[in-house]
Amino acid sequence: DVPIRTVITKDLWKLNWRGGHEDELYHLEADPGETTNLVARPQLRARIEALKTRITRWRELTRDLSGPTSF
């Protein structure tokens, strides 16, 4: 089992972070069925890192130690 943490933003970006396994990034407005994983697109790297930072901050605040650990 791979721990997964997910964030969905107000502007409908969704990141499933698996830490060391294949992550998933979707824009739910354009792709509500989550059929096209955008995580490999270089132009979205900064967005992915920002979302991972949000998850990391949340994990620190909630003392969640079981989730993914590597960017």
Side-chain angles (χ1 to χ4, degrees):
D1 291 317
V2 176
I4 299 170
R5 295 297 176 267
T6 299
V7 63
I8 301 173
T9 65
K10 290 180 182 180
D11 56 348
L12 298 178
W13 286 96
K14 177 179 179 181
L15 176 71
N16 295 321
W17 182 19
R18 291 184 171 86
H21 298 275
E22 186 175 351
D23 300 324
E24 296 172 287
L25 178 69
Y26 302 101
H27 190 254
L28 298 177
E29 184 175 17
D31 183 15
E34 300 178 21
T35 60
T36 304
N37 185 357
L38 304 172
V39 79
R41 296 193 179 174
Q43 67 271 31
L44 296 173
R45 179 65 27 215
R47 180 175 306 277
I48 293 165
E49 297 306 317
L51 293 172
K52 287 180 179 182
T53 297
R54 286 179 66 174
I55 292 172
T56 298
R57 287 184 185 145
W58 174 85
R59 290 182 60 221
E60 290 168 352
L61 288 172
T62 62
R63 299 178 193 229
D64 172 31
L65 304 176
S66 62
T69 58
S70 63
F71 272 60

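Keep in mind that the numbers below use all heavy atoms, side chains included, and drop hydrogens, waters and symmetry copies. Positions are given from 1 along the sequence. All values reported here derive from a predicted model rather than from experimental measurement.
- Atoms CG and CG, from Asp31 and Leu12 in turn, are 11.5 Å apart once rounded to the nearest 0.5 Å.
- For the atom pair Thr36 OG1 and Leu25 CG, the distance stands at 11.0 Å (nearest 0.5 Å).
- Using a distance-only test at 3.5 Å, with no hydrogens or angles considered, no donor-acceptor pair links the side chain of Asn16 to the main chain of Thr6.
- Distance CD/Gln43 to CZ/Arg45: 10.5 Å, rounded to 0.5 Å.
- Judged as a ring pair (Phe, Tyr, Trp, His ring centres under 6.0 Å), the pairs with a partner in residues 25-55 (not counting sequence neighbours) are, in order, Trp13-His27.
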Please evaluate residues Thr9 and Leu51 with respect to the criterion side-chain contact (heavy atoms from CB on, under 4.5 Å), reporting the C-alpha separation (whole Å), side-chain torsions for both, the decisive distance (0.1 Å), and the verdict. CA-CA 9 Å; Thr9 65; Leu51 293 172; 3.4 Å; yes
Begin from the C-alpha positions of Arg47 and Leu38 and carry the test side-chain contact (heavy atoms from CB on, under 4.5 Å) through to its verdict. CA-CA 11 Å; Arg47 180 175 306 277; Leu38 304 172; over 6 Å; no
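- Arg59 places a side-chain N or O within donor-acceptor distance of the main-chain N or O of Asp64, the cut-off being under 3.5 Å.
- The shortest distance between side-chain heavy atoms of Leu15 and Arg5 does not fall below 4.5 Å.
- Between the CZ atom of Arg41 and the CD1 atom of Ile48 there is a distance of 10.5 Å, given to the nearest 0.5 Å.
- One N or O on the side chain of Asn37 and one on the backbone of Asp23 form a donor-acceptor pair closer than 3.5 Å.
- Under a 4.0 Å N-O distance rule, the pair Glu24/Arg18 qualifies as a salt bridge.
- Residues near Trp58 contribute nothing to a hydrophobic cluster around it, because no ILVMFWY side-chain heavy atom sits closer than 4.5 Å to its side chain.
- Going from atom OG1 of Thr56 over to atom NZ of Lys52 covers 9.0 Å, rounded to the nearest 0.5 Å.
- Contact of the Glu34 side chain with the Leu28 side chain is registered, since non-hydrogen atoms from C-beta on lie closer than 4.5 Å.
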